[in-house]
Number of protein chains: 2
Amino acid sequence: MARAATTTDVFNAIAEPGRRQILDLLANGELSVNELVEQLGLAQPQVSKRLQVLREVGLVLVRDDGRQRHYRLNGRALKPIHDWIRRYEQMWNERFDALDDVLEELHDQED
Amino acid sequence: MARAATTTDVFNAIAEPGRRQILDLLANGELSVNELVEQLGLAQPQVSKRLQVLREVGLVLVRDDGRQRHYRLNGRALKPIHDWIRRYEQMWNERFDALDDVLEELHDQED
DNA sequence: TTATTATATACCAATATGGGAATATATCAA
DNA sequence: TTGATATATTCCCATATTGGTATATAATAA
């Protein structure tokens with residue numbers, strides 16, 4: 001078997017930097033495909049392809065407006081990733097480091 | 001060009017459920033390859049391959065012990081993902097919804 | 001209707017999987 | 001040394017990209 005499709009889930013969808021960049025741009029508000037093309041400096045088909053992937057996993061929503069299509073972010077679709085990674089958050093935040101120091105200190109005192 | 005390697009960065013590394021599962025198991029503490037094989041129910045080579053990917057992006061660390069290799073989590077490597085996704089957190093948490101209500105209320109009062 | 005604009009899709013080439021099986025490497029035991 | 005155990009690596013195959021180019025589709029304008 002081969003690798004899972006990028007449209008399999010949100011984890012695969014955000015693996016590509018270009019797709020994350022699109023989400024970052026849409027975080028500031030709705031944009032048409034052409035506006036995205038300009039801001040990204042990519043060819044239009046590449047942008048449309050990425051948008052399709054993001055659409056299939058529910059990360060973006062579309063609004064038709066004449067011959068333009070306005071895409072907007074659906075941030076809620078990122079929640080599964082956040083929920084997963086949040087369990088590891090303690091491993092790098094300062095409070096944990098501080099606790100680490102306390103434990104080390106206690107350990108030193110034991111000797 | 002083809003798809004980016006899974007070892008390109010942490011975003012690609014965690015795209016596969018099996019690799020995330022390994023991280024989840026290691027969250028409880030160090031495990032040898034065989035212990036992982038047992039708990040995952042996968043063939044040993046598949047586990048070793050996944051561990052190599054995780055090693056290459058710095059998500060796990062190894063400790064040699066005779067003919068066994070004990071892997072442990074390096075959660076700090078997940079921070080870039082957390083930092084990226086944290087910017088979207090407001091889009092699904094309750095406080096934001098509450099703020100949304102307040103803003104709407106203020107808006108209504110303007111009229 | 002015909003031309004133009006905005007997007008989406010199809011096609012092609014190159015490549016990195018990921019699973020399965022076999023094999024190599026390293027360590028320890030007898 | 002020989003054998004067994006624990007891991008890593010290699011091969012082969014089927015597949016899903018991703019980039020580039022060309023083309024199809026839809027909407028609007030002339």
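In this text the structure is predicted, and so the values were computed from the model without any measurement. Residue numbers begin at 1 in each chain, while the letters A, B, ... track the order of the sequences.
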Q: Tell me which of A:Val53 and A:Ala2 sits closer to the 5' end of DNA chain D, going by the nucleotide each one is nearest to.
A: A:Ala2

Q: Could you say whether A:Glu16 or B:Gln52 is positioned toward the 5' end of DNA chain D, judged by the nucleotide with the nearest heavy atom to each?
A: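 The residue closer to the strand's 5' end, by nearest nucleotide, is B:Gln52.
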
Quickly work out the [X] [atom1] to [N] [atom2] distance and round it to whole Å.
X: B:Arg63; N: D:dT7; atom1: CZ; atom2: C1'; answer: 15 Å
X: B:Glu38; N: D:dT5; atom1: CD; atom2: C1'; answer: 13 Å
X: B:Asp65; N: C:dA26; atom1: CG; atom2: P; answer: 17 Å
X: B:Arg3; N: D:dA14; atom1: CZ; atom2: C1'; answer: 13 Å
X: B:Ile22; N: D:dA8; atom1: CD1; atom2: P; answer: 11 Å
X: B:Leu42; N: D:dT7; atom1: CG; atom2: P; answer: 15 Å
X: A:Leu51; N: D:dG19; atom1: CG; atom2: P; answer: 13 Å
X: A:Asp64; N: D:dT28; atom1: CG; atom2: P; answer: 10 Å

Q.
Can a side-chain donor-acceptor contact be found between A:Ser48 and A:Gln52 if the only test is distance below 3.5 angstrom?
A.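 Side chains of A:Gln52 and A:Ser48: no pair found under 3.5 Å.
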
Q. When you check the side-chain N and O atoms of A:Tyr88 and B:Asn74, is any donor under 3.5 Å from an acceptor?
A. no

Q.
Please check: side-chain N/O of A:Asp9 versus main-chain N/O of A:Asn12, any donor-acceptor pairing under 3.5 Å?
A. yes

Q.
Closer than 3.5 angstrom, by distance alone: can the side chain of A:Glu35 be matched with the main-chain N or O of A:Ser32 as a donor-acceptor pair?
A.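 Yes.
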
Q: Considering non-hydrogen atoms only, spot the tightest contact between B:Ala4 and A:Arg3 and give its length.
A: O-NH2, 3.0 Å

Q) Which atom names give the shortest non-hydrogen contact between A:Asp65 and A:His70, and what distance separates them? A) OD2-NE2, 3.0 Å

Counting only side-chain heavy atoms from C-beta out, which of [options] sits nearest to [X]?
X: A:Lys49; options: D:dT17, D:dG20, C:dA16; answer: D:dG20
X: A:Met1; options: D:dA22, D:dT17, C:dG19; answer: C:dG19
X: A:Arg50; options: C:dA14, D:dA16, D:dG19; answer: D:dG19

Q. Given the rule in the side chain to side chain contact (heavy atoms under 4.5 Å, CB included) test, do B:Phe11 and A:Ile14 qualify, once you have shown the distances and angles that lead to the verdict?
A. CA-CA 7 Å; B:Phe11 286 91; A:Ile14 67 150; 3.8 Å; yes

Q. With distance as the sole criterion, do the side chain of A:Gln46 and the base of D:dG20 form a donor-acceptor contact below 3.5 Å?
A.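 Result: at least one qualifying N/O pair found.
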
**Q.** Summary of protein contacts for nucleotides 2-7 of chain C, nucleotide by nucleotide, where a base hit scores B, a sugar-phosphate-only hit scores S (4.0 Å, heavy atoms)
**A.** --BBSB

Q) Start at the 5' end of DNA chain C and walk down; is the nucleotide closest to B:Ala5 or to A:Arg55 reached first? A)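 Counting from the 5' end, the first nearest nucleotide belongs to A:Arg55.
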
Q: With DNA chain C as reference, determine whether A:Val62 or A:Ala4 sits nearer its 5' end, using the nearest nucleotide of each.
A: A:Val62

